[in-house]
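In what follows, a structure is listed as C-alpha cells, so that the remarks can point back to it.
Letters go in sequence order (proteins before strands), and every chain restarts at 1.
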2 protein chains.
Amino acid sequence: MQHLTRDEIRQSLIECGLKATHQRIVVLEAVTELHGSHPTAEDIFQRLRPANPTISLGTVYKTLDTFTETGMLRRVVSEQGSKRYDSNTMTHSHIYCSKTKEIVDFEDEELEQLLLKFFSERKLENFEIKGFSVQLTGCKVEPDKKISITRVPK
Amino acid sequence: MQHLTRDEIRQSLIECGLKATHQRIVVLEAVTELHGSHPTAEDIFQRLRPANPTISLGTVYKTLDTFTETGMLRRVVSEQGSKRYDSNTMTHSHIYCSKTKEIVDFEDEELEQLLLKFFSERKLENFEIKGFSVQLTGCKVEPDKKISITRVPK
DNA sequence: CTTACTGCAAACAGTTTGCAGACGT
DNA sequence: ACGTCTGCAAACTGTTTGCAGTAAG
C-alpha cells in the first residue's frame, strides 16, 4: 500500500470510478505516506498546503469521505472523537495512548484468528458483522519512545 | 448498578469526594436508568428537562466529565465521533450498528479471558495497558428488532 | 461538451469556557 | 461562612453544506 507512484494512484482512483483529479491524487498520496500516523483532515491539509497552495480544507474533507465510502481508506475515531484516516484497510487493531493521543496499529494474525474463531462460535442474531477490531487503551511509559510488541514464549 | 435509590446515589457521590447536588443526582440516575442505550449529554439533558426545567446543558456536560474522571462512568465515542456515556464500567465490548447508530453492550466472560490470556503472552514494551475492548461493526438485519447473542455448541 | 469536482465562505453540531450568583456542607 | 457547583451565554473546534466556477473524461 505504500510508495505508490502517482500513476498507480491515478489508476486506483479510476478503478473506483472516480475522476483522477490532482487534489485526490495528492490527498491519497499523503495518507499513504503518513501510514501509521492516522492523520486528521487538518493534518493532511497542512501537509499539502506548501506544495498545493490553492487546495481547500473542504475539499480534503470531501475527498477523505469519498475514499472512505469506496473502501480505499478506513475511518478511525480517536478517543477524543476526532476523525482520523488509515490507509491500512485490512483487519487490525489499535492501541490508543491517552498521554500522547497517538493511535498505533497493531496487526497480529494470531489475534485475528482467535477472534474469528470466537465469533464463529457465537450466533449474533439480527446482526451482520462487517468487521471487528480490538481497542487497547492505556498510556506510554516513555512518551518519546516507540511502542513495540514482542511475543513471550509460553 | 441499576435501580439505585437517590440516597444510594448521594452516598456514592460523597464517596467519590463530590458534593451531592440535585443536578448530579438526577444526571447519574438518568445514565444508570438509560443503561444500555449509551446516551449523549443532549439525551440526558432532554430527559431531565421536564422534571428539572432549570438544569442547563453545560452542567450536564460538566457533570458527565466529572463522573468519567472519577471512574463512575465510562465514555464511549460513537462511530460518528459523538461522546456517549456508559454506566457499565466493567470490561466489555461494543457492537456498533451503522444503520441505526446504536451501540449495544456485549459482555462475555469467555472473550474477556481469551483476550487477557492473549495479551499476557505478548509484551507491549513502553505501553501500560489500562483496558481493552472489542469493537464489532456491522448492521442490523431488521432495524426494529433487537440483537441477541447465542452460543453455538462446537 | 458534459458532468463531476473544487474553492470559498457561511452554517452547523457538539462541546468547552468564564464568570456571577446559588447551594451544599 | 466557605468553597464548590450551577446557569447562562459566548466562544471554539471540527465538520458539513451550497453554490458558482473549473477541470477531467
Side-chain angles (χ1 to χ4, degrees), chain A residues 6-7 9-28 30 38-49 51-70 72-73 75-85 101 103, chain B residues 6-7 9-28 30 38-49 51-70 72-73 75-85 101 103:
Chain A
R6 295 212 166 174
D7 272 336
I9 291 177
R10 196 185 302 274
Q11 197 50 41
S12 51
L13 287 169
I14 293 165
E15 278 166 24
C16 286
L18 301 172
K19 285 191 178 176
T21 65
H22 178 70
Q23 291 85 336
R24 284 179 174 164
I25 293 166
V26 294
V27 167
L28 193 50
H38 305 89
T40 62
E42 186 69 36
D43 292 336
I44 301 289
F45 178 59
Q46 292 306 338
R47 181 183 174 94
L48 293 179
R49 209 124 85 117
N52 308 269
T54 69
I55 201 167
S56 89
L57 181 57
T59 298
V60 175
Y61 271 104
K62 284 177 195 165
T63 306
L64 291 168
D65 269 358
T66 309
F67 292 165
T68 307
E69 275 160 31
T70 64
M72 305 174 84
L73 297 180
R75 213 199 312 264
V76 187
V77 313
S78 73
E79 281 187 297
Q80 294 72 240
S82 64
K83 291 171 186 168
R84 310 242 213 142
Y85 295 85
K101 314 299 177 209
I103 303 176
Chain B
R6 296 210 165 174
D7 273 334
I9 290 177
R10 195 185 304 274
Q11 196 51 41
S12 51
L13 287 168
I14 293 166
E15 278 165 23
C16 287
L18 300 173
K19 284 193 179 176
T21 65
H22 179 69
Q23 291 86 336
R24 284 179 175 164
I25 293 167
V26 294
V27 167
L28 192 49
H38 305 88
T40 62
E42 187 68 36
D43 292 336
I44 302 288
F45 178 60
Q46 293 305 339
R47 180 182 174 94
L48 293 178
R49 212 127 78 124
N52 308 268
T54 69
I55 201 167
S56 88
L57 181 56
T59 298
V60 175
Y61 272 103
K62 285 177 197 168
T63 305
L64 291 168
D65 269 359
T66 308
F67 292 166
T68 307
E69 275 159 32
T70 63
M72 304 175 83
L73 297 180
R75 211 198 315 263
V76 187
V77 314
S78 74
E79 280 187 297
Q80 293 73 239
S82 65
K83 291 171 186 168
R84 310 244 212 141
Y85 295 85
K101 313 299 176 208
I103 303 177

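- The minimum heavy-atom distance linking A:Ala20 with A:Ile25 is given by the pair O-CD1, 4.0 Å.
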Can you tabulate the close N/O pairs, meaning under 3.5 Å, that link protein atoms to atoms of nucleotides 12-14 of chain D?
none

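- Projected onto DNA chain C by closest heavy-atom contact, A:Thr63 and B:Arg75 fall at different nucleotides, the more 5' of which corresponds to A:Thr63.
- In terms of the side chain to side chain donor-acceptor pair (under 3.5 Å) criterion, residue partners of A:Ser56 (sequence neighbours excluded) are, by chain and number, A:Thr59.
- Taking five base pairs at each end of the helix from C:dC1-D:dG25 to C:dT25-D:dA1 and finding the rotation axis that steps the C1' atoms of four pairs onto the next four gives two axes whose angle is 40°, to the nearest 10°.
- Interatomic distance, OG1 of A:Thr40 versus NE2 of A:His38, reported as 12.5 Å (0.5 Å rounding).
- Atom CG of A:Leu28 and atom CE of A:Met72 lie 5.0 Å apart (nearest 0.5 Å).
- Here A:Arg49 pairs with nothing under the side chain to side chain donor-acceptor pair (under 3.5 Å) rule; sequence neighbours left out.
- Checked against side chain to side chain donor-acceptor pair (under 3.5 Å), B:Arg75 has the following partners two or more places apart in sequence or in another chain: B:Asp65, B:Tyr85.
- The minimum heavy-atom distance between A:Val60 and A:Ile55, with the atom names listed, is CG2-CD1, 4.3 Å.
- For residues 13-25 of chain A, every residue pair satisfying the side chain to side chain donor-acceptor pair (under 3.5 Å) rule, not counting sequence neighbours, is listed here: A:His22-A:Asn52.
- Separating the CD1 atom of B:Ile25 from the P atom of D:dC5 is a distance of 13 Å, rounded to the nearest angstrom.
- Protein chain B touches strand DNA chain C; the 5'-most and 3'-most nucleotides with an atom under 4.0 angstrom of its non-hydrogen atoms are C:dG14 to C:dT25.
- Spacing between atom CZ of A:Arg6 and atom P of D:dA24 amounts to 14 Å, rounded to whole angstrom units.
- Residue-level contact check: B:Thr54 touches the backbone only, with heavy atoms under 4.0 Å from sugar-phosphate atoms and none from bases.
- Looking only at distances, no side-chain donor or acceptor of B:Ser82 sits under 3.5 Å from a matching main-chain atom of B:Ser78.
- Near DNA chain D, meaning a heavy atom under 4.0 Å from it, residues 12-23 of chain B has B:Lys19, B:Thr21, B:Gln23 in order of number.
- Listed by chain and number, the residues in a side chain to side chain donor-acceptor pair (under 3.5 Å) with B:Gln46 are B:Glu42 (sequence neighbours excluded).
- Summarising the geometry, atom CG belonging to A:Asp43 is positioned 7.0 Å from atom CZ belonging to A:Arg84; distances are rounded to the nearest 0.5 Å.
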One pair to check against side chain to side chain contact (heavy atoms under 4.5 Å, CB included): A:Gln80 and A:Lys101. What are the steps and the verdict? CA-CA 9 Å; A:Gln80 294 72 240; A:Lys101 314 299 177 209; 3.5 Å; yes
Step-by-step side chain to side chain contact (heavy atoms under 4.5 Å, CB included) determination, B:Leu13 to B:Phe67: CA-CA 9 Å; B:Leu13 287 168; B:Phe67 292 166; 3.5 Å; yes
